[in-house]
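In what follows, a single structure is set out as structure tokens and then discussed.
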2 protein chains.
Amino acid sequence: MLPKATRTHGYQQVASILEAEIVSGRLKIGELLPIEAELAEALGVNRSTLREGLRALESDGLVRRVAAKRLQVVAPDPARVALTNARALGLRGASFRDLWEVQMQLEHFAAHQAAERASDEQIAAIRASVEELIPSLDDDQAVVRHDIAFHSLVSHAAGNAALELATAPIGLLLFSATQHLYQAVPAARHRLLAAHRAISDAIANRDAGLASDWMRRHIADFRRGYEIAGFDIHANIELSYSSPFGPSSG
Amino acid sequence: MLPKATRTHGYQQVASILEAEIVSGRLKIGELLPIEAELAEALGVNRSTLREGLRALESDGLVRRVAAKRLQVVAPDPARVALTNARALGLRGASFRDLWEVQMQLEHFAAHQAAERASDEQIAAIRASVEELIPSLDDDQAVVRHDIAFHSLVSHAAGNAALELATAPIGLLLFSATQHLYQAVPAARHRLLAAHRAISDAIANRDAGLASDWMRRHIADFRRGYEIAGFDIHANIELSYSSPFGPSSG
DNA sequence: GTTGTCATATTGTCGGACAATGATAGTCTC
DNA sequence: GAGACTATCATTGTCCGACAATATGACAAC
């Protein structure tokens, strides 16, 4: 019974080593990596092998190509992470009920914290988001986009990275699953607008309790709409696919 | 303002295409991918380029090497995803307070749901986890490992994939941050054992309210211990590093 | 000082090669 | 005929060398 020699390949070691360097802080965020030829020599592997390892890091969002073709160490972009998580949830067969339950636990808290902590710019962004919805209230796609953006802004305004990371993929999945809800339930879009406006106002007025209450009702109402539209609460939710590779401009 | 010509490279297209195939379900979970030579030819790229794309997919947890050296489509392993998220949270500077706040919202709910939905096997596993802790209560590392495992088991028993995904990275970070807490606060380990036992019993008795209450107190107590130990609630939490590449036996 | 041109550096991609190793078929023994 | 053993094959992981495309920086022209 030898130690089972977990066959760990070169490219895995490359990724593992660089990842450890980044997580441990020896490679700092923003730092530029050496050119591939140097890195390969330093790690004692061929450039091809090195590149395979780099692809893994890039996919994890730990490095990215930057202007001068060089690789830069970066902190994972929340939007990317959210997309990855949403995909994972979709593939693991999360149901509307699963997602909604978690959302019910988190969103009202996000609204509460946003009311207490949001900066003036963040409040302005939230208000602007609501205002922008009004002219395109008839466009289902636009409503969904706004819905995702609004809740994302509120979570962000709560000033809690963990909260933001937890809510983002759920919002992404849940709201994109409502693309065809607004035809079945015409009143939904107006109720959504009213709720978002109320939440927005409460946050702007620093009324955490009111913001929290409105959000709670809003999420509860969201589920009712989903059920009224005749969708199955227990069916798996699939991520309706939107362009996976943004320029990642964060 | 021209369309910004997003230079998308070959290996990115490879990853993107295969990812879309998997997410859309055209490539089903468990299916084996063709050999690299065939895939490369089918996609019109060199094997080197293909492999770089595959590394990205592998890193995303969408495929893995399986027995016959072949690549198999898999649903992302929750443990892997949790580790990725924990790393992202650490690098984005999440504080103990951030993590704790979210945990406070989710863990009591997890206990509640576990009491209602856990299978007999899951209840047995939770009980066993608590029992196993007793003989090694003096070993700080073992306490931390148990702590992570226990909360993970409870979340899993709640039968909600989204809840599990949201809580796992937070537990990973929070509990691994307590490695040096038990020396500063000797009573902590006994309070932890008592709480876990009470939660375990409540779940076994299907008493959702009691399980939820105990968990709430347990998490609140956890924070008190952290503060009493003199740790800074607002300091960034770093992921103490543990072997990133498990055999991923899930 | 701005613009255009050139040399240089670096990446992305290709093709080929080979050792290691797991899978497979075929052979031998009973 | 069943099972153990062996030789063959297929496939991956890794290396090497090469080249076009392109961004950078230096330099010349205006």
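The structure presented is a predicted model; accordingly, all values stated were derived computationally and were not measured. Naming: A, B, ... by sequence-line order, numbering from 1 per chain.
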- Note on the structure: B:Gln183 meets the side-chain hydrogen bond (donor to acceptor under 3.5 Å, both in side chains) criterion, sequence neighbours left out, with B:Asp140
- Query: Hey, does the side chain of B:Arg70 come within less than 4.0 Å of D:dT12's phosphate (OP1/OP2), counting only N and O?
  - Reply: no
- Message: Output the rounded distance in Å from CD (B:Glu38) to C1' (D:dT12).
- Response: 14 Å
- Item | N or O in side chain of A:Thr49 less than 4.0 angstrom from D:dG13 OP1/OP2 | no
- With B:Arg92, which residues qualify under salt bridge (Lys or Arg N to Asp or Glu O under 4.0 Å), at least two apart? none
- Provide, to the nearest angstrom, the distance between the CD atom belonging to B:Glu52 and the P atom belonging to C:dC14. 10 Å
- Listed partners of A:Asp60 passing salt bridge (Lys or Arg N to Asp or Glu O under 4.0 Å), at least two apart: B:Arg87
- Note on the structure: The nucleotide from D:dG13, C:dG12, C:dT13 with an atom nearest the side chain of B:Glu36 is D:dG13
- What residues form a ring pair (Phe, Tyr, Trp, His ring centres under 6.0 Å) with B:His196, not counting sequence neighbours? B:His146, B:Phe150, B:His151, B:His218
- Task: Look only at the side chain of A:Asn85 and the backbone of A:Ala82, and say whether a donor-acceptor pair between them is shorter than 3.5 Å.
- Result: no
- Query: Given the rule in the side chain to side chain donor-acceptor pair (under 3.5 Å) test, do A:Asn160 and B:Glu101 qualify, once you have shown the distances and angles that lead to the verdict?
  - Reply: CA-CA 9 Å; A:Asn160 181 328; B:Glu101 281 179 356; 3.0 Å; yes
- d(OH, A:Tyr11; C1', D:dT14) in whole Å: 11 Å
- Partner residues of B:Phe231 under the ring pair (Phe, Tyr, Trp, His ring centres under 6.0 Å) criterion, sequence neighbours left out: B:Tyr226
- B:Glu36 meets the salt bridge (Lys or Arg N to Asp or Glu O under 4.0 Å) criterion, sequence neighbours left out, with B:Arg47, B:Arg51, B:Arg65
- Query: Taking only residues two or more places apart in sequence, or in another chain, which ones meet A:Asn46 in a side-chain hydrogen bond (donor to acceptor under 3.5 Å, both in side chains)?
  - Reply: A:Ser48
- Which nucleotide in the set C:dG12, D:dG13, C:dT10 lies at the smallest distance from any side-chain heavy atom of A:Ile35? C:dT10
- Whole-Å gap separating P (C:dT10) and CZ (A:Arg65): 12 Å
- Find the distance A:His9:NE2 to C:dA20:P and express it as a whole number of Å. 15 Å
- Message: Just N and O in the side chain of A:Arg51: are any of them under 4.0 Å from OP1 or OP2 of C:dG12?
- Response: yes
- Query: Between residues 55-62 of chain B and DNA chain D, which residues have a heavy-atom gap below 4.0 Å?
  - Reply: B:Arg55
- Task: Using whole Å, report how far CD of B:Gln72 lies from P of D:dT12.
- Result: 14 Å
- Item | Integer-rounded Å distance: C:dG12 P and B:Leu50 CG | 16 Å
- side chain to side chain donor-acceptor pair (under 3.5 Å) contacts in which one or both residues fall within residues 166-175 of chain B, not counting sequence neighbours: B:Ser155-B:Thr167
What's touching nucleotides 16-19 of chain C from the protein side, N or O pairs under 3.5 Å?
unit_1	atom_1	unit_2	atom_2	d
C:dA17	N6	B:Arg47	NH2	3.4

- Query: Between D:dT12 atom C1' and B:Leu33 atom CG, what is the distance in whole Å?
  - Reply: 14 Å
- Excluding sequence neighbours, so at least two apart, what forms salt bridge (Lys or Arg N to Asp or Glu O under 4.0 Å) with A:Asp120? A:Arg206
- Is any side-chain N of the basic residue among B:Arg55 and B:Glu52 closer than 4.0 Å to the acidic one's carboxylate O? no
Got a list of protein N/O to nucleotides 20-22 of chain D N/O distances below 3.5 Å?
unit_1	atom_1	unit_2	atom_2	d
D:dT22	O2	A:Lys69	NZ	2.9

